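Position 1 is the first residue of the sequence; numbering continues from there. Counting starts at 1 for both ligands and their atoms, following the listed order. Only a predicted model underlies this, so the values are computations on that prediction, with no experimental measurement involved.
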Amino acid sequence: MGKLRTAVVGVGTFGRNHARAYAEYERSELVWVCDLNEERGREIAAHYGAQYTPDYREVAGDPSVEAVSIATPDFAHTEPALTMIESGKHILVEKPLATATEEARHILEAAKEAEVVLMVDFHNRWNPPFLRAKRAVREGEIGEPLVGFARLSDTIYVPTEMLLWAGRSGPQWFLMSHIADLMCWLVDKRPEKVYAVGEKKVLRGRGMDTYDFVQAMVTFEGGATVTLESCWVLPNSLPRLIDFQIYLAGTEGRISVEAAFQGIEIAGDKLSHPFVLGQEDAYGRTMGFVQEPIYHFVNCVLDGHPPQCPGEDGLRATAVVEAALRSIEEGRPVRIGL
Ligand SMILES: NC(=O)c1ccc[n+]([C@@H]2O[C@H](COP(=O)([O-])OP(=O)(O)OC[C@H]3O[C@@H](n4cnc5c(N)ncnc54)[C@H](O)[C@@H]3O)[C@@H](O)[C@H]2O)c1
């Protein structure tokens, strides 16, 4: 069987991981790199010996391309995703699948109709502590999940310096979509309703109409309830970009994960807690949970297996976050539109 011919649309901070994974994996090759930023796109294309285009329709029009990653900003997944599906490409979409439930549903239905693989890159499902947590739930170590908490937050560096488009997203899409998926995956019941609060102060003062934080209480079918919290204004004096914890208590036990501290602290000019999981091994090859879901996607396409994070799961996370936003606006609990 030949190598899967792939492309990446959007090669910024995260999309370049997709380009690297396709180029390094023995079962795939990177054929196109597409990015509106010509300098960035050309540089990455040249690095991996791929072709460059600023227009994703050119990728869609190449019949030799079989699978495409979409890693454009949160609000800009839908159009390239639908264009690729219409051209018969299998797609791996960065989280969140879309920033509106209706759009996510549209992508899902189009993929079903075209019979292409649609996977959403919820890479934390490959993150070792969460894999172990999932096993604990599956094997009954904590009984039936009852009540939980998940926090994924960033320092203010992320919306103000790292992302150019933070004003068109928010902690609820960039961060909460991850923990909405994680907790739905762990609890493994249908999320039914959300009551959420949020505040716009600090980032609004910096000219961005986006939430500083969103906190959302999600109740699942059968009564289990988890609180999701994402904040985008933590101080830059923290030794790492993120805070990431989960807690899940069940009828017979509980799980607690501290996922931000990865076991190493460096005190140089500044105190830092570098990311080491999902980075490089001793030989300069990528390893860990950043590229594993990308390899999984390649395997699913080549071997005809359904992906572990199918479009339905992307739709679910988008619906939870969208309901949280409506709950904030309406000041009351809201049913999740699934
Ligand atoms: N940064 C992270 O740590 C991280 C982690 C996981 C997932 N993600 C997800 O990955 C996606 C991208 O985030 P990012 O941080 O890499 O953003 P980014 O701004 O660094 O990169 C986005 C890239 O997409 C390009 N782009 C925008 N519209 C385009 C279009 N129509 N056609 C081609 N290129 C286009 C931009 O020029 C840019 O290079 C988001 O959905 C984000 O939630 C990011």
Could you tell me how the ring of Trp232 sits relative to the ring of Phe174: parallel (under 30°), tilted (30 to 60°) or perpendicular (over 60°)? tilted
Can you label the angle between the Phe244 ring and the Phe130 ring as parallel, tilted or perpendicular, going by 30° and 60°? tilted
Got a sec: does the [atom1] of [X] have more than 12 other heavy atoms crowding it under 6.0 Å?
X	atom1	result
Arg240	CZ	yes
Lys193	NZ	no
Lys201	NZ	no

On a heavy-atom basis, I'd like to know which of [options] is closest to [atom].
atom	options	result
atom 22 (C) of ligand 1	Ala71, Gly15, Pro96	Ala71
atom 24 (O) of ligand 1	Ser169, Gly10, Ala166	Gly10
atom 36 (C) of ligand 1	Asp35, Asp74, Asn17, Val33	Asp35

In the protein, what heavy atom is nearest to [atom], and what distance, to one decimal place, separates them?
atom	answer
atom 34 (N) of ligand 1	Leu36 N, 3.2 Å
atom 39 (O) of ligand 1	Arg40 NH1, 2.5 Å
atom 20 (O) of ligand 1	Thr13 N, 2.9 Å
atom 27 (C) of ligand 1	Pro73 CD, 3.3 Å
atom 26 (N) of ligand 1	Thr72 CG2, 3.9 Å
atom 10 (O) of ligand 1	Glu94 CG, 3.3 Å
atom 4 (C) of ligand 1	Phe14 CD1, 3.4 Å

Output field: ring centroids [X]/[Y] closer than 6.0 Å:
X	Y	answer
His18	Phe297	no
Phe149	Tyr247	no
His296	His305	no

Is ligand 1 less than 4.0 angstrom away from at least one heavy atom of His123? yes
Between ligand 1 and Arg16, can you find any atom pair, the residue atom being a heavy atom, that is separated by under 4.0 Å? no
What atoms of ligand 1 come closer than 4.0 angstrom to any heavy atom of [X]?
X	result
Cys34	33 (C)
Gly12	16 (O), 20 (O), 21 (O), 23 (C), 39 (O)
Leu163	15 (O)
Trp165	13 (O), 17 (O), 18 (P), 19 (O)
Met162	1 (N)

Should the proximity of [X] to ligand 1, defined as any heavy atom under 4.0 Å, be assigned to the side chain, the backbone, both, or neither?
X	value
Leu164	neither
Ala76	neither
Phe174	side chain
Asp121	neither

Would you say Tyr295 and Ile70 are hydrophobically clustered, going by side-chain heavy atoms of ILVMFWY under 4.5 Å?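 The answer is no; the residues belong to distinct hydrophobic clusters.
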Verify, without hydrogens or angle tests, whether Ser177 (side chain) and Trp173 (backbone) share a donor-acceptor contact under 3.5 angstrom.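 Such a contact is found between Ser177 side chain and Trp173 backbone.
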For residues [X] and [Y], determine if any side-chain heavy atom of one lies less than 4.5 Å from a side-chain heavy atom of the other.
X	Y	value
Asp313	Cys184	no
Ile266	Leu271	no
Tyr25	Asn299	yes

Regarding ligand 1, does Lys95 bring an N or O atom to under 3.5 Å of one of the ligand's N or O atoms?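 Yes, Lys95 has an N/O under 3.5 Å of an N/O on ligand 1.
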